Amino acid sequence: MCLDDVPHLNEAICQGLRGRDLGPAVFADFQGWVFEALDIWPCRPEGDLIEPTFALFHEPFHQQESAFLTLPIELMLDILSRLSLEDALDVSCACKQLRNQLLQDNALSMLARDMIKDGTLRWVQPCSLVENEVDKANMALVTWFEDKHCANPLQSPSFPILPFLHTCFLKSGSMKNRHRIWGVIKQLERRWIAYQKGEDCNFHASGSEEG
């Protein structure tokens, strides 16, 4: 193993940290977040929120409009919400008009809220069947915006959904682990459906799957 394999530890050492102060860096490099609890929603960080930025494309004047773009925005977002957020952005790269339409007029925020409500980001929501999870989540979520009495902050148009998701994906070990476990559950769900249909599931003793 070389220092290139442990970039967080390398950076911490270069900053002069030693001993126990290196703990968070080791934790980050060896994905210690996979052992974090799944119910710690991130509070709003101090300072001004930084909105994720995306590049818009210059559209040719005589470009033929895609049939997909003639759909009502609500229907378009409903279709895209069945993808992951990363895949939806990848799809938008295939068409300059779609990319620009998705990144303007809060369409991307609307898409993210749709994904959280009934799509591929449902794992971000607290589960009402788990005791105290909704209350625990709301205590953290209300720190992100001014409406302290909102029953469902994640669906509020004034909630800064993109900075929140950026924190969940990149900075919150608990949310990253929650996302990981959600993926495992969905994988098992697909395998169970395939098993019920009599399809070959390719299960192995290790729990891994093939192909």
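Position 1 is the first residue of the sequence; numbering continues from there. Because only heavy atoms are used, hydrogens play no part in the values below, and waters and symmetry mates are left out as well, while side chains stay in. Owing to the predicted nature of the structure, the values given are computational and were not obtained by experimental measurement.
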Task: Pairs meeting criterion side chain to side chain donor-acceptor pair (under 3.5 Å) with involvement of residues 108-135, two or more places apart - done: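 Residue pairs with at least one partner in residues 108-135: Glu133-Arg178.
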
Nearest heavy-atom neighbours spanning [X] and [Y]:
X      : Y      : value
Ile13  : Arg18  : O-NH1, 3.2 Å
Gln101 : Ala107 : O-CB, 3.5 Å
Pro126 : Val134 : CB-CA, 3.8 Å
Ala140 : Pro42  : CB-O, 3.9 Å
Ala112 : Leu162 : CB-CD2, 4.4 Å

- [ ] Check the pair Asn152 / Leu141 against side chain to side chain contact (heavy atoms under 4.5 Å, CB included), numbers first and verdict last.
- [x] CA-CA 9 Å; Asn152 191 351; Leu141 295 175; over 6 Å; no

To the closest 0.5 Å, what do you measure between [atom1] ([X]) and [atom2] ([Y])?
X      : Y      : atom1 : atom2 : answer
Thr167 : Trp144 : OG1   : CH2   : 3.5 Å
Leu89  : Ser84  : CG    : OG    : 8.5 Å
Leu103 : Leu98  : CG    : CG    : 9.0 Å
Leu108 : Leu85  : CG    : CG    : 6.0 Å
Met110 : Ile161 : CE    : CD1   : 13.0 Å
Leu154 : Met115 : CG    : CE    : 14.5 Å

Under 4.5 Å between side-chain heavy atoms, counting indirect links through other Ile/Leu/Val/Met/Phe/Trp/Tyr residues: same cluster for [X] and [Y] or not?
X      : Y      : result
Phe164 : Trp182 : yes
Leu188 : Ile193 : no
Leu80  : Leu69  : yes

Open item on the list: Quick one, Met76 with Leu102, criterion side chain to side chain contact (heavy atoms under 4.5 Å, CB included). Give me CA distance, side-chain angles, the key distance, then yes/no.
Closed with: CA-CA 10 Å; Met76 186 189 304; Leu102 185 61; over 6 Å; no

Pairing residues for [X] by the side-chain contact (heavy atoms from CB on, under 4.5 Å) criterion, not counting sequence neighbours:
X      : result
Leu75  : Leu71, Pro72, Ile79
Ala151 : none
Glu46  : none
Ile185 : Ile181

Any side-chain heavy atom of [X] sitting closer than 4.5 Å to one from [Y]?
X      : Y      : result
Ser156 : Phe145 : yes
Val6   : Phe30  : yes
Met175 : Leu38  : no
Trp41  : Ser172 : no

- [ ] May I ask you to decide if Leu111's main-chain N or O and Ser81's side chain share a donor-acceptor pair within less than 3.5 Å?
- [x]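 No, because the side chain of Ser81 does not come within donor-acceptor range (under 3.5 Å) of the backbone of Leu111.
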
TODO: Hydrophobic side-chain clustering at under 4.5 Å (ILVMFWY, transitive links): who's grouped with Met139? Put none if nobody.
DONE: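 ILVMFWY cluster around Met139 holds nothing else.
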
- [ ] For Leu83 and Val91, run side chain to side chain contact (heavy atoms under 4.5 Å, CB included): C-alpha distance rounded to whole Å, both residues' side-chain angles, the deciding distance at 0.1 Å, then the answer.
- [x] CA-CA 9 Å; Leu83 304 174; Val91 168; 3.8 Å; yes

Task: Asp90, CG atom: more than 12 neighbouring heavy atoms under 6.0 Å - done: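 Counting neighbours around CG of Asp90, more than 12 heavy atoms of other residues, nucleotides or ligands fall under 6.0 Å, so yes.
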
